[in-house]
Amino acid sequence: MSTTGHALQFAPPAASTEARCNLIGLDRQALEAEMAAIGAPAFRARQLWHWIYHRGATDFAAMTSLAKDFRARLAEQFVIERPAIATAQHSVDGTRKWLLRFGDGQEVETVHIPEEDRGTLCVSSQVGCTLTCTFCHTGTQRLVRNLSAAEIVGQVMTARDQLGEWPSPQDGRLLSNIVLMGMGEPLYNYDNVAQAMKIVMDGEGISISKRRITLSTAGVAPMIERCGRELNINLAISLHAVNDELRDQIVPINRKYPLATLLEACRNYPGLTNARRITFEYVMLKDVNDSPAEARELVRLLKGIPAKVNLIPFNPWPGAPFECSTAAAIKRFSDIVFDAGYSSPIRTPRGQDIMAACGQLKSASIKKRRSESAAAAP
Ligand code: SAH
């Protein structure tokens with residue numbers, strides 16, 4: 001008999017009283033250690049890995065290659081627990097957004113963006129974000145904590161559940177790519193992000209290649225080299241301004257790691273070649289950073305770095321202090337960058353109708369809780 005399924009179905013969201021250990025998020029060594037602790041040999045960990053990450057099992061009872069009494073023992077000690085889905089939204093353009101709730105009631109958003117030749121999952125690394133970039137909705141959320149490796153991997157597992165994509169298909173996947181571009185700054189939670197990505201990349205499980213994973217950072221310069229060396233995934237930089245004066249204002253982490261420091265770290269990113277470039281993201285803010293002179297300065301700054309530029313039309317949110325650049329200004333900017341030899345696509349916003357586009361993510365429940373607590377104040 002399995003109690004796991006019941007625990008998942010009926011446990012209240014704040015099931016932190018759960019004494020059983022969640023196996024999701026443990027790396028192979030940790031899983032082996034758990035098995036050793038209950039007297040099971042290391043190959044049991046390999047079997048479990050296959051069931052959890054290749055087959056997507058949520059219930060030990062389904063693991064038919066394991067002896068029945070062993071399955072029962074596992075169910076007594078462990079769970080295979082995903083985050084709960086608080087809300088699910090579907091955009092007219094096919095984009096899906098899930099608000100996921102963890103054991104302590106904290107929530108993040110995860111977005112799936114289907115395209116013709118791929119399907120990208122935009123994964124969050126923190127509840128909220130400490131960076132306070134002035135154009136980003138997530139930065140206005142006050143409650144912040146790091147996500148655990150289990151909570152990061154859990155976003156991928158839940159998305160795969162929802163897309164009906166178990167066992168891991170070879171090709172033609174609905175979830176083929178991952179971008180660490182959701183809520184939070186992934187390089188402020190590097191250890192958990194790294195552990196989660198190693199699990200997701202493992203060839204005997206979810207098996208998403210490092211070439212299909214992109215980490216986006218606002219510019220935590222000292223962590224960039226390590227990220228490339230250890231994970232070897234694609235790097236994206238949220239640049240958004242070409243001089244320190246403006247970048248200090250709109251991407252405040254620039255005061256700590258100014259442009260020269262950040263670009264030096266980019267130049268030294270391990271594994272950079274012309275076939276493997278850094279993506280520089282540039283949000284188009286009307287009359288703020290969208291002049292032809294700034295486009296030319298961008299080209300100058302990128303000199304010598306294998307780079308491509310993604311121009312992101314600003315996505316509005318309630319009370320945002322910016323407007324999106326005009327189509328003509330964006331085109332003019334893109335042409336200058338393109339003529340200098342850089343790919344400079346203008347990103348089409350996806351999922352705008354469900355507030356799923358870049359910079360729009362923010363968990364409403366936290367807003368609600370804050371206003372509730374404000375209302376409760378004397
Ligand atoms: N903290 C990381 C991960 C977030 S990625 C980072 O800053 O890179 C989210 C991307 O969306 C970043 O490039 C961010 O700058 C961009 N973004 C934020 N708000 C936006 C908005 N309102 N419109 C368009 N892009 C936005």
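As the structure lists them, so they are numbered: ligands from 1, and atoms in each ligand from 1. Everything numeric in this text was worked out from a predicted model, so none of it was measured.
For atom 19 (N) of ligand 1, the closest heavy atom belonging to the protein is G359 CA, 3.0 Å. Closest to atom 15 (O) of ligand 1 among all protein heavy atoms lies H240 NE2, 2.5 Å. Nearest protein heavy-atom neighbour of atom 13 (O) of ligand 1: S238 OG, 2.7 Å. Of the protein's heavy atoms, E281 OE2, 4.0 Å lies nearest to atom 10 (C) of ligand 1.
Note that SG of C266 and CZ of F280 are 4.0 Å apart. Values are rounded to the nearest 0.5 Å.
Checked for salt-bridge contact, D27 and K198 miss the test: no charged N lies under 4.0 Å from a carboxylate O. Between K97 and D353, none of the side-chain N atoms (NZ, or NE/NH1/NH2) sits under 4.0 Å from a carboxylate O, so this pair counts as no salt bridge. Checked for salt-bridge contact, K331 and D335 meet the test: a charged N lies under 4.0 Å from a carboxylate O. Here E76 does not pair with R73 in a salt bridge; the nearest charged N to carboxylate O distance is not below 4.0 Å.
The N/O atoms of F314, backbone and side chain alike, include none that comes under 3.5 Å of an N/O atom in ligand 1. The distance criterion of under 3.5 Å between nitrogen or oxygen atoms is not met by H137 with respect to ligand 1.
Of all the heavy atoms of V283, the ones lying under 4.0 Å from any atom of ligand 1 belong exclusively to the side chain.
Residue-ligand proximity: C324 is placed with every non-hydrogen atom at 4.0 Å or more from ligand 1. Distances from ligand 1 to the non-hydrogen atoms of G182 include at least one value under 4.0 Å. Residue-ligand proximity: F322 is placed with every non-hydrogen atom at 4.0 Å or more from ligand 1.
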